[in-house]
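All remarks here apply to the structure that follows.
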Amino acid sequence: MATEALHHDIPHTSGTSAAQSPPDESHAAKPQPGGVYTCPMHPEIRQDQPGDCPKCGMALEPVLPTASEGEDENENKEFADFQRRFYWTLPLTVVVFVLAMFGHGLALFQRGTQNWIELALTAPVVLWAGWPFFVRGVKSIVHRSPNMWTLISLGTGSAFIYSVVATVAPQVFPASFIASGHVAVYFEAAAVIISLTLLGQMLEGKARSQTSAAIKSLLGLAPKTARRLADDGTEEDVPLAEVHKGDKLRVRPGEKVPVDGVVIEGGSAVDESMLTGEPMPVTKAAGDTLIGATLNTSGALVMRADKVGAQTVLAGIVQMVAQAQRSRAPMQRLADQVAGYFVVSVVAIAFLTFFAWGFFGPSSAGESSWVYGLINAVAVLIVACPCALGLATPMSIMVATGKAATQGVLFRDAAAIENLRKVDTLIVDKTGTLTEGRPRFDRAVAGSGYTDDEVLQLAASLDQGSEHPLAQAIVTAARERELELEKAEGFESGTGIGVRGTVGGKALALGNTALMKQIGVAIDALQEQAEALRAEGASVMALAVDGQLAGLLAVSDPVKQSTEEALAALKAAGLRVIMATGDGLTTARVIASRLGIDEVHGGVKPADKLALVTSLQGEGRIVAMAGDGINDAPALAKADVGVAMGTGTDVAMNSAQVTLVKGDLRGIAQARIISDETVANMKQNLAFAFVYNALGIPVAAGLLYPFTGWLLSPMIAALAMSLSSVSVIGNALRLRHSGQAAAAR
């Protein structure tokens with residue numbers, strides 16, 4: 001048995017508390033045969049198979065992912081499809097682009113021959129690789145929900161069809177157009193936009209797949225089997241799904257508790273950090289409650305299953321994470337916000353162009369004004385095709401995420417970068433976020449006749465055979481000080497009170513107040529020192545030698561060296577900082593007082609942290625949640641921005657949008673600077689893109705023709721497209737230097 005702290009140092013969880021009670025069965029996670037898929041932006045869209053949202057075109061997400069391999073393959077099907085289409089057609093796009101940019105200037109082929117070559121290369125890109133985008137574009141029109149897919153499908157479709165006609169039957173165009181070179185092909189525009197869009201969908205799909213990874217990590221916490229005791233005394237390992245309410249189960253040392261229930265035999269210390277996030281194991285004896293997926297660290301237990309399947313606390317956490325993730329719709333980018341108006345405007349201008357030229361345009365023998373109208377209307381749709389618009393946001397995000405990674409900050413998606421700058425409230429977990437997250441020896445207080453090192457050496461010698469985290473902290477400290485440890489004889493453990501044994505011929509006892517009372521050792525002489533250590537948030541153990549008090553040992557979870565500096569920077573930035581921890585309120589207040597945190601919530605469970613985030617959001621606050629444990633996962637998923645410590649659990653990192661690789665809260669301040677600069681950069685890029693469209697569309701429509709005789713020529717269109725893309729890329733690359741400035745601040 002491991003060493004135990006004094007009885008009021010570690011919270012005891014006997015009985016059933018409201019905070020630990022599992023959620024109502026109707027709200028718990030339930031397996032859904034075949035899966036139900038919904039749209040993050042439009043939760044009213046639900047169907048029993050993967051697909052695209054008819055309103056916005058986003059890929060539908062599973063309501064509740066499962067841990068099965070088959071489900072993994074099903075969810076990755078769309079990503080794999082886009083990946084295949086992208087890589088198979090990317091070489092074709094590159095060749096078409098090079099031919100269009102340099103082929104005519106180098107006179108590699110005659111114009112007609114080159115057009116046919118470009119057609120052959122572009123057809124697979126547009127008709128096969130881009131087919132899903134045309135389907136989404138048609139759906140957006142059918143459902144009267146114009147979006148970027150409408151614009152992409154109209155622009156690329158118009159460019160491709162127009163170019164095919166110009167290649168196959170150029171004679172249908174007016175002779176003056178052919179002579180002046182206005183009959184051009186735009187194959188490279190269609191191919192490049194399709195490839196860029198595919199790349200964007202791949203990046204988005206990769207980021208979205210991490211959302212379900214959080215839930216799958218949670219589902220993987222539960223053991224696959226349980227050891228069931230039959231009435232005749234025999235035991236067998238059965239799949240977890242076959243465990244029923246009322247079954248007796250054996251939980252051996254080092255095993256996970258299979259389901260929620262009550263201890264009926266034995267005693268042990270159970271690591272409940274899965275639920276509370278706190279590193280100190282909790283003593284369990286007959287009558288105490290057990291939570292599924294927690295870890296039995298030492299003694300053997302026999303338990304009665306009370307809550308199984310969808311009724312367990314773990315299932316409730318899974319459901320909370322799933323609901324929180326679905327409730328946090330992705331931030332609608334500026335390009336998407338104006339896309340509907342932009343699409344309608346472009347189409348309206350194209351129609352106006354067609355009819356204006358048709359009714360009022362010049363006509364001569366063999367050249368109808370309606371042909372001019374058709375050509376110029378198509379030119380409007382082509383020049384409005386969002387090439388630079390498509391690059392504007394991804395380029396900024398790509399550069400910013402790369403720069404942030406070099407500073408130890410990993411952004412999952414664009415929404416995290418866009419939202420972080422708006423955050424005005426930060427909720428922080430204590431253990432593993434503000435503190436190191438693992439017990440560490442603090443100090444020894446020697447009694448009469450002993451030195452501090454002697455107290456530590458004796459305690460560590462006795463604790464060598466214990467697996468308890470507090471014992472390991474003591475043994476590690478003794479070895480770091482190069483103290484010589486002796487072998488313990490007659491080692492005994494008492495459930496929940498401490499350990500006893502003989503070292504060097506001396507009878508030792510190390511444990512809590514209950515153990516000292518049991519063996520008749522008074523601790524009054526060091527009571528004041530013990531209370532002072534507890535006031536600092538330490539767990540305190542007493543050491544008795546031959547029936548006399550020899551000293552005290554304190555083990556604590558130290559605050560990270562960077563925490564105070566990080567909190568000062570965040571407060572200076574105007575953030576309201578709140579601590580929410582599963583640890584006791586007294587210990588939480590000690591740490592909060594030391595760090596200057598005024599708002600503290602102690603003894604909170606996963607549902608309480610989730611409720612706190614929801615409450616603050618209801619007040620209109622933009623909330624970030626920083627944590628490192630499984631118990632933080634629902635709150636991390638629900639927050640406007642979830643920030644996980646890279647030193648924490650995989651579940652936390654999968655639930656969060658931002659990961660601090662080094663577990664250093666100073667990274668949040670750095671990430672906010674990057675967020676500010678990136679959003680400003682994106683807005684500049686979008687402005688570039690819209691300016692080029694604003695200039696190009698009137699020329700394409702022929703607005704300048706009555707005054708200058710100008711119509712949009714292929715050379716001007718190619719130059720405008722190149723300049724818009726180059727300006728967007730060049731502006732985005734400036735973020736590399738901005739990031740350096742941010743890091744230096």
Side-chain angles (χ1 to χ4, degrees), residues 1-5 7 10-16 20 221-240 242-276 278-308 312-314 439 462-475 488-501 509-512 514-515 518 541:
M1 175 62 190
T3 304
E4 295 296 334
H7 72 289
I10 301 178
H12 195 69
T13 56
S14 299
T16 303
Q20 288 183 335
L221 291 174
K224 301 295 185 290
T225 62
R227 192 163 188 81
R228 183 164 59 193
L229 280 64
D231 293 336
D232 60 3
T234 60
E235 301 180 8
E236 64 172 338
D237 291 326
V238 298
L240 196 62
E242 296 181 13
V243 175
H244 303 290
K245 183 177 180 180
D247 284 351
K248 290 184 179 180
L249 308 172
R250 184 179 300 281
V251 187
R252 292 166 291 194
E255 292 183 338
K256 288 185 176 181
V257 177
V259 295
D260 296 1
V262 176
V263 178
I264 55 178
E265 292 181 23
S268 182
V270 177
D271 180 358
E272 293 190 336
S273 58
M274 180 278 293
L275 181 68
T276 66
E278 301 313 311
M280 308 298 186
V282 179
T283 301
K284 297 290 183 180
D288 291 343
T289 58
L290 292 172
I291 306 298
T294 55
L295 180 65
N296 180 25
T297 63
S298 51
L301 298 171
V302 176
M303 65 174 292
R304 181 185 69 246
D306 284 349
K307 301 291 184 181
V308 300
T312 64
V313 170
L314 178 62
L462 181 61
D463 261 339
Q464 285 181 93
S466 175
E467 298 178 354
H468 197 288
L470 300 185
Q472 293 175 2
I474 291 172
V475 173
E489 304 286 348
F491 183 84
E492 296 178 3
S493 63
T495 302
I497 58 175
V499 295
R500 301 172 68 176
L510 178 64
N512 62 16
L515 177 61
Q518 181 178 310
M541 289 151 281

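All figures in this text were calculated on a predicted structure; none of them were measured in a lab. Nothing fancy with the numbering, it's 1 onward along the sequence.
Separation of atoms CZ (Arg304) and CG (Leu229) is listed at 14.0 Å; rounding is to 0.5 Å. Rounded to the nearest 0.5 angstrom, Leu290 CG and Lys307 NZ are separated by 14.5 Å.
Heavy atoms only, all atoms of each residue included: Met303 and Val257 are closest at SD-CG1, 3.7 Å. Here the closest heavy-atom approach between residue Asp463 and residue Ala471 is recorded as CG-CB, 3.4 Å. Between Thr294 and Ile291, the shortest heavy-atom distance links the atoms OG1-O, 2.5 Å. The shortest heavy-atom contact between Pro258 and Val251 is CD-CG2, 3.9 Å. In terms of heavy-atom proximity, Leu301 sits nearest to Gly266 at CD2-C, 3.8 Å.
By the side-chain hydrogen bond (donor to acceptor under 3.5 Å, both in side chains) test, Glu255 pairs with Arg252, sequence neighbours left out. Remark: Val243 pairs with Ala226, Val238, Leu240, Asp247, Leu249, Val259, Ala305, Val308 by the side-chain contact (heavy atoms from CB on, under 4.5 Å) rule, at least two apart or across chains. When the salt bridge (charged side-chain N to carboxylate O under 4.0 Å, His left out) test is applied to Glu489, no partner is found at least two apart in sequence or on another chain. Partners of Asp232 according to the side-chain contact (heavy atoms from CB on, under 4.5 Å) rule, which considers only residues two or more places apart in sequence or in another chain, are Ala230, Thr234. Checked against salt bridge (charged side-chain N to carboxylate O under 4.0 Å, His left out), Glu235 has the following partners two or more places apart in sequence or in another chain: Arg227, Arg250.
Within 6.0 Å of NZ on Lys248 lie no more than 12 heavy atoms contributed by other residues, nucleotides or ligands.
Using a 4.5 Å heavy-atom cutoff, the side chains of Gln472 and Pro439 are not in contact. You'll find the side chain of Asp260 reaches within 4.5 Å of the side chain of Thr312, heavy atoms only.
Looking at Asn296 and Ser268, their side chains do bring a donor and an acceptor atom within 3.5 Å of each other.
In terms of modelled atom types and a separation under 3.5 Å, the side chain of Thr297 and the main chain of Ala269 share a donor-acceptor contact.
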> Can Leu462 and Arg500 be said to form a side chain to side chain contact (heavy atoms under 4.5 Å, CB included), step by step?
Replying inline: CA-CA 8 Å; Leu462 181 61; Arg500 301 172 68 176; 5.9 Å; no
